[in-house]
Undergrad: 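Have a look at this one.
Since the model is a prediction, treat every value here as computed from it, not as a measurement. Whatever order the structure lists them in is the order used to number ligands and atoms, beginning at 1. Position 1 is the first residue of the sequence, and the numbers go up from there.
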Amino acid sequence: MLIEKVYFAIDMSQSIVLFGPPGAGKGTQADAIVEATGKPQVSTGDMLRAALAAGTTLGLEAKKYMEAGELVPDDIIIGLIEERMQQDDASEGVLFDGFPRTIPQAEALAEIAEVSLVISIEVPDDAIVGRIVGRRMDPDTGDIYHVTFKPAPAEIAARLIQRKDDNEEAVRTRLTAYHNQTSPLAKWYEEKGLLATVNGNQAMADVGAEISAVLN
Ligand code: AP5
């Protein structure tokens with residue numbers, strides 16, 4: 001594997017952003033980054049799903065956007081992040097997964113926390129739909145599987161669930177939202193010298209190796 005050597009001044013007391021289209025493998029790669037950096041994962045998607053499962057007002061407000069594959073309004077997301085960043089474990093920076101997703105979110109983040117690195121996992125649209133529609137999650141552990149690319153062990157197969165927004169129609173809307181509202185952020189962070197891109201269209205272990213190379 002040929003890795004172009006680009007050096008980033010990563011301040012390990014600051015936050016890292018994991019960036020990419022739906023199904024790029026952000027959640028899949030997050031565990032190894034958490035282990036390597038000691039930073040807690042802050043996934044806005046997971047936070048919204050937890051709020052929905054708990055039946056909070058915020059969760060119920062977010063539900064219609066999430067199930068349609070649209071972005072939840074910025075003020076809701078920014079409020080969630082402001083609250084999360086007050087917690088003790090965020091003091092040495094966090095790993096943002098799925099946040100920020102719009103320029104206003106990135107501008108708000110710049111006021112809340114320092115970001116030293118944005119890892120962009122690049123995957124073409126034609127690989128995304130199959131990944132998302134085949135994704136299954138373990139509700140007990142949060143582990144992510146795929147019916148073809150990462151089958152779950154037989155003993156847990158019966159309890160796996162499929163996210164409500166993991167259907168072809170919602171994925172197409174999510175991809176449109178990504179291209180219209182989120183992808184401009186790559187240039188925004190590139191201009192700040194913070195963007196590292198990795199090829200997400202290869203085996204999971206090879207994506208992980210590219211991310212390790214960036215972190216090291
Ligand atoms: P969120 O939960 O963040 O979903 P997403 O960004 O659409 O990302 P995914 O979780 O679908 O994908 P992923 O990149 O984590 O991929 P994964 O590793 O699981 O957001 C959901 C919704 O919440 C949004 O649509 C929006 O409504 C709302 N929301 C959240 N944050 C928001 C924000 N900041 N602002 C506004 N709204 C917000 O992998 C996918 C599948 O592919 C898995 O099955 C996996 O096993 C497989 N896979 C992974 N890597 C590979 C590989 N290399 N090869 C083959 N298969 C692979």
Undergrad: Using the rule that two of Ile, Leu, Val, Met, Phe, Trp, Tyr join whenever any of their side-chain heavy atoms come within less than 4.5 Å, decide whether M85 and I77 are in one cluster.
TA: yes

Undergrad: Only counting residues at least two apart or in another chain, list the ones meeting side-chain hydrogen bond (donor to acceptor under 3.5 Å, both in side chains) with R163.
TA: D165

Undergrad: How about CD on E114, more than 12 heavy atoms from neighbouring residues, nucleotides or ligands closer than 6.0 Å, or not?
TA: no

Undergrad: Side-chain donor-acceptor pair under 3.5 Å between Q14 and E92, yes or no?
TA: no

Undergrad: Among residues at least two apart in sequence or on other chains, which ones pass side-chain hydrogen bond (donor to acceptor under 3.5 Å, both in side chains) with D97?
TA: Q41

Undergrad: Output every pair passing ring-ring contact (aromatic ring centres under 6.0 Å, His included) with a member in residues 120-159, not counting sequence neighbours, ordered by first then second residue.
TA: H146-F149

Undergrad: Students should find this: residues with any non-hydrogen atom under 4.0 Å from ligand 1. What is the answer?
TA: P21, P22, G23, A24, G25, K26, G27, T28, T44, G45, L48, R49, M66, E70, L71, V72, I77, G98, F99, R101, Q105, R131, I132, R135, I144, Y145, H146, F149, R163, D165, R174, G200, Q202, A203, M204, V207

